[in-house]
K.L.:
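This structure is in structure tokens; I'll ask about it shortly.
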Amino acid sequence: MTECIFCKIVQGQIPSQKIYEDEDLFAFHDIRPAAPVHFMIIPKKHLDSLVHCQSEDQALLGKILMKAPQLALQQGLHEGFRTVINTGRGGGQEVYHLHVHILGGGLMPPLQTKK
Ligand code: 5GP
Ligand code: ZN
């Protein structure tokens, strides 16, 4: 059995606030929101991170990004939203099941400049 928490969320073994599901994708609210609206879109297929995607995953990655504005609008983000993919330790990735964060509501601050 998988130990991946996002696979468990997809399978309903861990509860989540689901906002969307189809045969390939699952979307749910982040448990620790970093913005007034913060949800994630993930592939149902387990992929550790963007680095682990192969050319066969190209359409799936495209499907995730095409779904982002649809779900963002459904969640009321009419002024726009931020899309974040953390990859690897250097990218601050905590959960090693590929996910795209969608954040918005109010105005997002600019990205931090390098200290
Ligand atoms: P990462 O840092 O890997 O890009 O983001 C992982 C995100 O998953 C974090 O924002 C964290 O709050 C969220 N998260 C971790 N565990 C759970 C969980 O069990 N349920 C939900 N809904 N979100 C989670
Ligand atoms: Zn997984």
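Note that ligands are numbered from 1 as they come in the structure, with each ligand's atoms numbered from 1 the same way. This structure is a prediction, so every number in the text was calculated from the model and none was measured.
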K.L.:
For ligand 1, does Val84 get within less than 4.0 Å through its side chain, its backbone, both, or neither, judged by non-hydrogen atoms?
P.N.:
neither

K.L.:
Have a look at the Zn ion (ligand 2) and estimate, to 10 degrees, the angle subtended by SG (Cys7) and ND1 (His46).
P.N.:
110°

K.L.:
Would you please test Phe6 and Phe26 for ring pair (Phe, Tyr, Trp, His ring centres under 6.0 Å) and show each step?
P.N.:
CA-CA 10 Å; Phe6 285 2; Phe26 198 93; 9.6 Å; no

K.L.:
Quick one: closest heavy-atom pair of Leu60 and Pro43, and the distance?
P.N.:
CD2-CB, 3.7 Å

K.L.:
Only heavy atoms of Asn86, strictly under 4.0 Å: list the atoms of ligand 1 that pass.
P.N.:
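What qualifies from ligand 1 is 1 (P), 2 (O), 4 (O).
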
K.L.:
Could you list which atoms of ligand 1 come closer than 4.0 Å to a heavy atom of Gly92?
P.N.:
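Checking each atom against Gly92, I get 2 (O).
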
K.L.:
So is Met40 touching ligand 1 or not, going by heavy atoms under 4.0 Å?
P.N.:
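Yes; Met40 lies near enough to ligand 1 that a heavy-atom distance drops under 4.0 Å.
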
K.L.:
Taking side-chain hydrogen bond (donor to acceptor under 3.5 Å, both in side chains) as the criterion, tell me which of Arg32, His101, Gln75 meets it with His38.
P.N.:
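Per the side-chain hydrogen bond (donor to acceptor under 3.5 Å, both in side chains) rule, the option paired with His38 is His101, out of Arg32, His101, Gln75.
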
K.L.:
Assess whether atom CD of Glu21 is packed by more than 12 heavy atoms of other residues, nucleotides or ligands within 6.0 Å.
P.N.:
yes

K.L.:
Which bit of Ile85 is near ligand 1, meaning a heavy atom under 4.0 Å away: side chain, backbone, both or neither?
P.N.:
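No part of Ile85 comes within reach of ligand 1.
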
K.L.:
So is His38 polar-close to ligand 1, meaning N/O to N/O under 3.5 Å?
P.N.:
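So ligand 1 has no N or O lying under 3.5 Å from an N or O of His38.
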
K.L.:
Say whether Glu56 and Gln54, considering side chains only, have a donor N or O and an acceptor N or O under 3.5 Å apart.
P.N.:
no

K.L.:
Quick check on contacts: which atoms of ligand 1 are under 4.0 angstrom from a heavy atom of Arg32?
P.N.:
11 (C), 12 (O)

K.L.:
Do you know the tightest heavy-atom contact between His97 and Lys45?
P.N.:
NE2-O, 3.7 Å

K.L.:
Which residue in the set Ile42, Ile14, Val95 passes side-chain contact (heavy atoms from CB on, under 4.5 Å) when paired with Ile9?
P.N.:
Ile14

K.L.:
With heavy atoms under 4.0 Å as the rule, classify the contact between Phe28 and ligand 1 as side chain, backbone, both or neither.
P.N.:
side chain

K.L.:
I'd like the atom name of the N/O/S atom in His97 lying closest to the Zn ion (ligand 2).
P.N.:
ND1

K.L.:
What are the two closest non-hydrogen atoms of Gly105 and Leu77, and how far apart are they?
P.N.:
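Nearest pair, atom of Gly105 first, then Leu77: N-CD2, 3.3 Å.
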
K.L.:
For atom 13 (C) of ligand 1, which of Asp30, Ile5, Leu103, Ile42 has the closest heavy atom?
P.N.:
Asp30

K.L.:
Polar contacts were defined as any N/O atom of the residue lying under 3.5 Å from an N/O atom of the ligand; does this apply to Gln93 and ligand 1?
P.N.:
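Between Gln93 and ligand 1, no N or O pair is found under 3.5 Å apart.
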
K.L.:
Specify side chain, backbone, both or neither for Phe6, according to which of its non-hydrogen atoms lie closer than 4.0 Å to ligand 1.
P.N.:
side chain

K.L.:
Tell me whether His101 has any N or O atom under 3.5 angstrom from an N or O of ligand 1.
P.N.:
yes

K.L.:
In the protein, which heavy atom is nearest to atom 24 (C) of ligand 1, and how far is it?
P.N.:
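Among all protein heavy atoms, the one nearest atom 24 (C) of ligand 1 is Ile31 CG2, 3.5 Å.
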
K.L.:
Looking at every heavy atom in both Ala72 and Phe81, which two are closest together, and how far apart are they?
P.N.:
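What the structure gives for the nearest pair is CB-CD2, 3.4 Å.
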
K.L.:
Heavy atoms only: which of Ile9, Thr87, Val100 lies closest to atom 18 (C) of ligand 1?
P.N.:
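Nearest option to atom 18 (C) of ligand 1, by heavy atoms: Ile9.
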
K.L.:
Looking only at heavy atoms, which two atoms of Leu98 and Leu50 are closest? And how far apart?
P.N.:
CD1-N, 3.6 Å

K.L.:
Which atom pair, heavy atoms only, marks the closest approach of Gln93 to Ser49?
P.N.:
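Minimum heavy-atom contact is OE1-CB, 3.4 Å.
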
K.L.:
Measure from atom 4 (O) of ligand 1 to every heavy atom in His99, His97, Glu94 and give the option owning the shortest one.
P.N.:
His99

K.L.:
Ser16 near ligand 1, heavy-atom distance under 4.0 Å?
P.N.:
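It does not, in that no heavy atom of Ser16 comes within the 4.0 Å cut-off of ligand 1.
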
K.L.:
I want to check something: taking the side chain as every heavy atom from C-beta on, are Leu71 and Ile41 in contact at a cut-off of under 4.5 Å?
P.N.:
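Answer yes - side chains close enough.
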
K.L.:
Around atom 22 (N) of ligand 1, find the nearest protein heavy atom and jot down its residue, atom name and distance.
P.N.:
His29 O, 2.9 Å

